[in-house]
Amino acid sequence: MAEKLLTREKGFSEWYVDVVLKAKLADYSDVKGCMVIRPNGYAIWENMQRVLDKMFKDTGHRNAYFPLLIPESFLRKEAEHVEGFAPQLAVVTHAGGKKLEEAYVIRPTSETIINSMFSRWIQSYRDLPLLLNQWANVMRWEMRTRLFLRTTEFLWQEGHTCHETEKEAEDETLKMLEVYRAFAEDYMAMPVLAGRKSDSEKFAGALRTYSIEAMMQDKKALQAGTSHALGQNFAKAFNTQFQGRDGKQAYVWQSSWGVSTRLIGGLILTHSDDAGFVAPPKLAATHVVIIIIGRTPEERGPVREKAHALAADLKKAGLGVIVDDDESKGPGFKYFEYELQGVCLRVELGPKDLAKEQVVMVRRDTRQKDFVPISQAVAHAEGMLDQMQKDLFAKAKKLRDDSTFEVNSYDELKAKADAGFMLAHWCEDPACEARIKEETAATTRNRPFTLEQKPGACVACGKPSPGRIVFSKAY
RNA sequence: CGGGGCGUAGCGCAGCCUGGUAGCGCGCCUGCCUUGGGCGCAGGAGGUCGCAGGUUCGAAUCCUGUCGCCCCGACCA
């Protein structure tokens with residue numbers, strides 16, 4: 001790992017790939033379009049899972065698991081759904097040495113197979129609401145892939161719920177979007193806009209789709225999570241009915257919502273720098289690395305002892321800690337290596353520090369260097385991590401806010417297409433949306449709930465618009 | 001599917017045009033030395049040159065075919 005990392009200035013997307021590979025987050029596999037998530041990357045995913053899973057449980061959901069293979073006929077039952085996913089399906093046609101009677105598709109999402117079970121499990125309004133979540137892998141055959149951001153197979157969670165009324169289902173849809181917003185901002189330190197997607201951007205088979213949208217360092221948007229109001233579309237396709245309080249049969253109202261390992265890509269594109277990966281403390285795999293410095297065994301012995309004692313204290317405080325006692329590599333080498341891998345804090349501990357009863361503590365993102373009495377090391381580390389979490393969010397938010405503009409003409413929209421988020425009036429005609437995409441490469445991201453809606457004139461055609469929507473280039 | 005590129009040691013590459021003992025850097029192993037921002041020295045291990053045919057006395061190199069991957073455009077979390 002002797003070569004330097006590419007810089008963002010020189011080529012943003014090459015830099016991104018370089019960070020992923022050199023920080024050992026993931027690697028290309030021998031399967032086209034598929035990646036291997038390495039321990040450094042998987043640890044981040046495990047932390048995300050742990051936090052999100054608790055949030056789902058706290059909002060009343062339970063985990064379940066459904067099959068990877070879905071009978072092809074299931075997908076066909078919902079017309080819009082199959083049309084949307086058909087180009088991306090991988091299909092199993094042979095098994096056990098024979099051609100199958102009916103082919104199976106490898107799940108691109110699980111609405112259909114889950115509904116096939118819902119229809120068996122639900123009889124009465126007393127069975128509702130039914131609130132499930134599944135952690136799983138899915139497969140979507142993509143034309144063009146990018147590590148974490150878009151791969152053929154990826155890991156995600158998909159929530160699937162059934163409700164008695166449309167309002168309840170809608171409330172659930174928005175509640176889970178809010179869970180995603182809170183997770184993105186409070187844990188990933190990634191500011192997002194929560195809002196509604198345009199019809200052309202909505203999930204195949206949904207009535208309405210909502211998303212959280214983040215701005216990456218190159219000012220392009222990343223859709224970081226989606227929540228769908230499915231209405232009764234799948235319920236009708238699978239006959240998922242219940243007997244209501246009035247004694248009549250009715251179709252359930254449903255929601256579904258998901259986030260994926262794409263979030264790890266979002267984390268990288270939001271916080272990392274020319275020295276490598278930067279992880280927000282709340283999701284970091286390793287919070288502290290203690291580097292032992294010393295020339296001779298006489299010097300290293302006491303330092304080592306102190307380092308392990310400190311590591312134990314830090315672990316007791318709930319932090320992820322590594323003690324690096326490898327004598328075959330110099331300290332300088334290690335500084336670069338751990339910065340590359342995104343360890344939040346570096347503690348340097350050598351003979352000079354022992355003499356002064358102190359440690360040197362360096363923050364990954366700012367390289368702020370503090371000399372701290374050993375007795376206060378744990379508290380100081382916690383303080384630095386806390387501040388780092390806040391600062392990462394503030395920095396990302398400033399970039400986004402500084403790169404968000406109101407645009408009032410088509411010329412302006414064309415001119416600012418690379419400058420960030422553009423708030424523009426749109427008449428809701430898909431033709432205008434398509435034309436803008438064609439001519440500027442910017443697409444509608446969502447209509448943020450926080451953006452006050454006042455009527456205006458569509459930037460493309462001049463017809464009345466109900467309010468501004470976010471346009472941006474996107475991943 | 002269209003356009004471009006690449007397959008030679010774990011990684012990055014040279015060699016190919018003009019056929020003749022398979023090389024360099026990094027990494028790895030051993031020993032010594034060093035350690036507060038990518039140490040140094042010495043020795044060493046490691047490759048059916050993507051695969052299959054063909055031309056030739058002889059192919060990494062020339063020809064044909066084939067497979068795979070990456071990058072750029074049209075679908076998507």
- Task: Determine the contact category for A:F154: base if any of its heavy atoms lies under 4.0 Å from a base atom, sugar-phosphate if only primed atoms, P, OP1 or OP2 are that close, otherwise nothing.
- Result: base

- Query: Taking the same atom, P, in B:G4 and in B:A9, what whole-Å distance lies between them?
  - Reply: 27 Å

- Query: For A:W257 and A:S255, what are the C-alpha separation, side-chain angles and deciding distance, and is it a side chain to side chain donor-acceptor pair (under 3.5 Å)?
  - Reply: CA-CA 7 Å; A:W257 27 274; A:S255 82; 3.2 Å; yes

- Query: To the side chain of A:Q223, which of B:A77, B:G38, B:U35 is closest?
  - Reply: B:A77

- Message: Any N or O donor-acceptor pair under 3.5 Å from the base of B:C76 to the side chain of A:R150?
- Response: yes

- For A:E299, answer base if it contacts any base atom (sugar-phosphate contacts may also be present), sugar-phosphate if it contacts only those atoms, and nothing otherwise; contact means non-hydrogen atoms under 4.0 Å. nothing

- RNA chain B contacts made by residues 259-277 of chain A, counting heavy atoms under 4.0 Å: A:S260, A:R262

- Note on the structure: Using Watson-Crick geometry (N1-N3 plus N6-O4 or O6-N4) or G-U wobble (N1-O2, O6-N3), each under 3.5 Å, B:G23 is paired with B:C13

- So what does A:L222 touch, heavy atoms closer than 4.0 Å: a base, only the sugar-phosphate, or nothing? nothing

- To the nearest Å, give me how far apart CD (A:E142) and P (B:C70) are. 14 Å

- Item | Ring-ring centroid check A:H160 A:F118, cutoff 6.0 Å | no

- Message: As a test of reading the structure: which of B:U35, B:C71, B:A77 is closest to the side chain of A:R300, going by heavy atoms?
- Response: B:U35

- Message: Regarding A:T151, tell me which of base, sugar-phosphate or nothing describes its non-hydrogen contacts under 4.0 Å with the strands shown.
- Response: base

- At under 4.0 Å, does any side-chain N or O of A:K329 touch on OP1 or OP2 of B:G40? no

- Ignoring backbone atoms, establish whether A:R144 has a side-chain N or O less than 4.0 Å from OP1 or OP2 of B:G73. yes

- Partner of B:U66 by Watson-Crick or G-U wobble geometry, both contacts under 3.5 Å, or none? B:G50

- Message: Classify the ring geometry of A:W135 against A:W45: parallel below 30°, tilted from 30° to 60°, perpendicular beyond 60°.
- Response: perpendicular

- Task: Could you tell me whether a side-chain N or O of A:S272 sits under 3.5 Å from a main-chain N or O of A:V278, the two making a donor and an acceptor?
- Result: yes

- Flag as yes if A:F333 stacks onto the base of B:G38 (centroids under 5.5 Å, planes under 30°), otherwise no. no

- Would you mind reading off the distance between A:K220 atom NZ and B:C76 atom C1', rounded to a whole angstrom? 14 Å

- Under 3.5 Å on both distances, the Watson-Crick or G-U partner of B:G73: B:C1

- Nearest to the side chain of A:P331, which nucleotide is it out of B:A77, B:G36, B:G38? B:G36

- Pi stacking test for A:W156 and B:A77: under 5.5 Å apart, planes under 30°: no

- Message: Once rounded to the nearest 0.5 Å, what's the spacing between atom CZ of A:F277 and atom OH of A:Y338?
- Response: 16.0 Å

- Side chain A:E339 and base B:G37 donor-acceptor under 3.5 Å: yes

- Item | Listed nucleotide nearest any side-chain atom of A:R140, set B:G36, B:C76, B:C71 | B:C76

- Can you tell me the distance, in whole Å, between the CD1 atom of A:I291 and the C1' atom of B:U35? 11 Å

- Please say which of A:R445, A:R400, A:K397 ends up in a side-chain contact (heavy atoms from CB on, under 4.5 Å) with A:M215. A:R400

- Task: Check the distance between B:G38's C1' and A:D326's CG and give it to me in whole angstrom.
- Result: 14 Å

- Below 3.5 Å, does any donor atom in the side chain of A:R346 face an acceptor in the base of B:G36, or the other way round? no

- When the distance from CZ of A:R146 to C1' of B:C72 is rounded to whole Å, what number comes out? 12 Å

- Euclidean distance, A:L340 CG relative to A:K24 NZ, rounded to 0.5 Å: 8.0 Å

- Task: Begin from the C-alpha positions of A:S198 and A:E433 and carry the test side chain to side chain donor-acceptor pair (under 3.5 Å) through to its verdict.
- Result: CA-CA 9 Å; A:S198 73; A:E433 194 181 14; 2.5 Å; yes

- Query: What does A:V138 touch in the nucleic acid at a heavy-atom separation under 4.0 angstrom: a base, only the sugar-phosphate, or nothing?
  - Reply: nothing

- Task: Take atom C1' in B:G46 and the same atom in B:G36, then report the distance between them in whole Å.
- Result: 36 Å

